[in-house]
Amino acid sequence: MLHRDNLQSFKAALSAALRTTNQADDALSDRFVELRPGTVATLESAVNHLVTGRRGVGKSTTLAVLQRRAEERGARVIFVDVETHKSRSYPDVLIEIIIDILQAIEPKGWKSPQRQLRREVKKLLVVLGALRDAGAEVTQSVKSDDTRTSDVKVNLRGGVAKQYAKLSASAGGSRSRRTKRSESSTQTRRKEEFLRDLAPAIAQVLEAAANLEGRNSLLVVLDDFYFIAKDKQPLVLDHLHGVTKRSNVWLKIGSVHSRTQSFADGDPPLGMQPPHDLQHLSLDVGLADFATAQTFLEEVANGVLAPAGFKVREVLTQTARERAVLVAGGAVARDYFDLLIAAADAGWESSQRGGGSDEPFAIGAEDIQAAAGLRLQRKQTDLRNDAGRDAPALESRFDDLVRFVRDRETFFFLVRREYMDTDWGREIVELEDLRFVHRIMTTRPNTATWRGVETVVFMVDFAALVSRRMRKAPVEFWKAGRSDELRRAEWVYEPSWSETPAKGKKSREAAASEDVELPFE
């Protein structure tokens, strides 16, 4: 039970666990819980991996534990935080990632192999730094009345140009361009062309780093890869795959599935194509696997809380334990911890109103509900940071979904499976990855007109609905026999939906007068 004297230690333990890190200490490794057994061992294998999961599911923690365990087995692991380069456009973002990798592998010792590798790395860093910092020079040509501009072209000069020529074995000759009305020559080249020429030298130093000091491989972790513009991701991965292929260097890429494009088919194809070039490993367990999500979250929380002397089942009521998983949207540990901290405060405030200032209390379902409303603003901030230019469209789609479920007086909506590949269907998938909607199951609505039609059932995030009290609690679909209650044809969503006719519905005033708290207890 919680009380005045131990409430702070309960919140402090959870708050410490909220901090994301790319370094695994002993405490983190000891309490680490694999969502699926063998996840880290799979990531250690000599294969490129794309690790996906919603924000807060533990991608960074898993990759940090991977680093610790892989290095204990003789591998070298380096991290690149892609979010730090999110303001860079392509190809500068690629150049900065390569610079980060090279700076991380640059050895400090003075033995002959270390000195040689350090010299080669420094040469590359000089050229890549100049290439990154070079301004975008525009080459123009005239055809009829049109002006055409080439994209990001630069000219390396002086000592940098000489260094580049040595590294690439190419001086980068001049290029001529002709039009009907004019002829022009230019010494400028696209940045990608310089990078392609440097690829063999970059690959050579990466392979040397992988084998330095008797190590057996080099794992390059690219965390939060989705901060690169989606249409440029295949270009970035195409180059990185080129400099790591046929070597003992392996890419481990952490990202969000719906905001990731690892491969673009074309002539030539670009990027890394699953499963040939990289294996996809998902860390997501949503509300569709409610029991698995609850077991995972409580096991992780118990590991965090154990040093402070708490267990989840002793601090939360049974109904609150289930509601916390529902509000967290599945196995999203960060949201779960954040929720428990806010719910503990809500429980304390509630106990004070009851006059029992020194009485112990347990977190109840009504405390979870009160805490849920505090999470929406933070998630909206995450959406704007993560979705970039797509954020307005996603916010608009979510607002429409909230209006729809409120009109139907439910927490759920259904989407025809065939519509999931439409533009608005893909927006719903992105909202799912951003934890604004949660996938429950696939089913067929329970009316004759929908016979044989497959639909996907989603739940709108609880935090978006608690500001307006609902007259019914959400269907407890995770309990035996209750999932059939989600097969409601009137809950099928399309963007052209219309409000439920007033006939047969209580007036807005009458409904408001009968609003009651959700019957959680």
Side-chain angles (χ1 to χ4, degrees), residues 1-3 5-21 24-37 39-40 53-65 283-348 350 360-372 374-375 378-379 435 438 461-463 478 520:
M1 300 288 283
L2 295 171
H3 51 76
D5 296 333
N6 67 9
L7 182 60
Q8 185 57 42
S9 60
F10 174 80
K11 293 165 57 179
L14 293 171
S15 296
L18 281 171
R19 294 195 301 268
T20 58
T21 178
D25 56 19
D26 289 336
L28 177 61
S29 295
D30 290 343
R31 71 168 188 258
F32 176 70
V33 178
E34 288 188 306
L35 189 56
R36 298 181 180 90
T39 297
V40 175
R54 291 169 292 168
R55 223 179 199 274
V57 300
K59 295 187 298 296
S60 296
T61 300
T62 300
L63 292 170
V65 173
L283 299 184
D284 274 324
V285 170
L287 295 180
D289 300 307
F290 192 93
T292 301
Q294 181 175 359
T295 299
F296 170 76
L297 289 173
E298 293 188 356
E299 189 173 349
V300 173
N302 284 334
V304 169
L305 293 169
F310 297 102
K311 292 182 179 179
V312 170
R313 68 173 180 269
E314 297 172 353
V315 178
L316 277 74
T317 67
Q318 176 60 34
T319 308
R321 289 168 60 189
E322 294 178 347
R323 201 66 61 196
V325 179
L326 191 69
V327 175
V332 184
R334 192 185 307 172
D335 284 357
Y336 185 75
F337 293 162
D338 200 25
L339 179 69
L340 294 188
I341 293 169
D345 285 336
W348 167 254
S350 178
F361 68 94
I363 295 172
E366 71 279 3
D367 302 320
I368 297 293
Q369 177 188 346
L374 304 176
R375 297 174 53 249
R378 179 179 298 182
K379 294 177 75 169
R435 297 132 49 238
H438 310 289
D461 190 66
F462 202 92
W478 59 92
F520 287 143

**Q** With sequence neighbours left out, what residues match Ala370 under side-chain contact (heavy atoms from CB on, under 4.5 Å)?
**A** Ala346
**Q** Output the distance between atom CZ (Arg54) and atom CZ (Arg334), rounded to the nearest 0.5 Å.
**A** 12.0 Å
**Q** Minimum heavy-atom separation for His438 to Arg435, with atom names?
**A** CE1-O, 3.5 Å
**Q** Without placing hydrogens or testing angles, list every side-chain donor-acceptor pair under 3.5 Å for residues 307-314, not counting sequence neighbours.
**A**
none

**Q** Show the numbers, then the answer: is there a side chain to side chain contact (heavy atoms under 4.5 Å, CB included) between Thr61 and Phe32?
**A** CA-CA 8 Å; Thr61 300; Phe32 176 70; 4.0 Å; yes
**Q** Do you know which two heavy atoms are closest between Thr317 and Ala365, and how far apart they sit?
**A** OG1-N, 4.1 Å
**Q** How close do Leu305 and Ala13 get, heavy atom to heavy atom, and via which atoms?
**A** CD2-CB, 4.1 Å
**Q** Identify each donor-acceptor pair in which a side-chain atom of residues 287-297 lies under 3.5 Å from a protein atom, sequence neighbours left out, and give them as a table.
**A**
| from | atom 1 | to | atom 2 | distance (Å) |
| --- | --- | --- | --- | --- |
| Gln294 | NE2 | Glu298 | OE2 | 3.2 |
| Thr295 | OG1 | Ala291 | O | 3.0 |

**Q** Rounded to the nearest 0.5 Å, how far apart are CZ of Arg323 and CG of Leu316?
**A** 12.0 Å
**Q** Only counting residues at least two apart or in another chain, list the ones meeting side-chain contact (heavy atoms from CB on, under 4.5 Å) with Ala306.
**A** none
**Q** Could you tell me which residues satisfy side-chain hydrogen bond (donor to acceptor under 3.5 Å, both in side chains) with Asn6, sequence neighbours excluded, listed by chain and number?
**A** His3
**Q** List the residues meeting side-chain contact (heavy atoms from CB on, under 4.5 Å) with Ala343, not counting sequence neighbours, and say none if there are none.
**A** Ile363, Asp367, Ile368, Ala371
**Q** Could you work out, with salt bridge (Lys or Arg N to Asp or Glu O under 4.0 Å) as the rule, every residue matching Lys11, not counting sequence neighbours?
**A** Asp345
**Q** Any heavy-atom pair between the side chains of Leu14 and Tyr336 that's under 4.5 Å?
**A** no
**Q** Which residues satisfy the salt bridge (Lys or Arg N to Asp or Glu O under 4.0 Å) test with Arg55, sequence neighbours excluded?
**A** Asp382, Asp386
**Q** Quick one: closest heavy-atom pair of Ala324 and Leu340, and the distance?
**A** CB-CD2, 4.4 Å
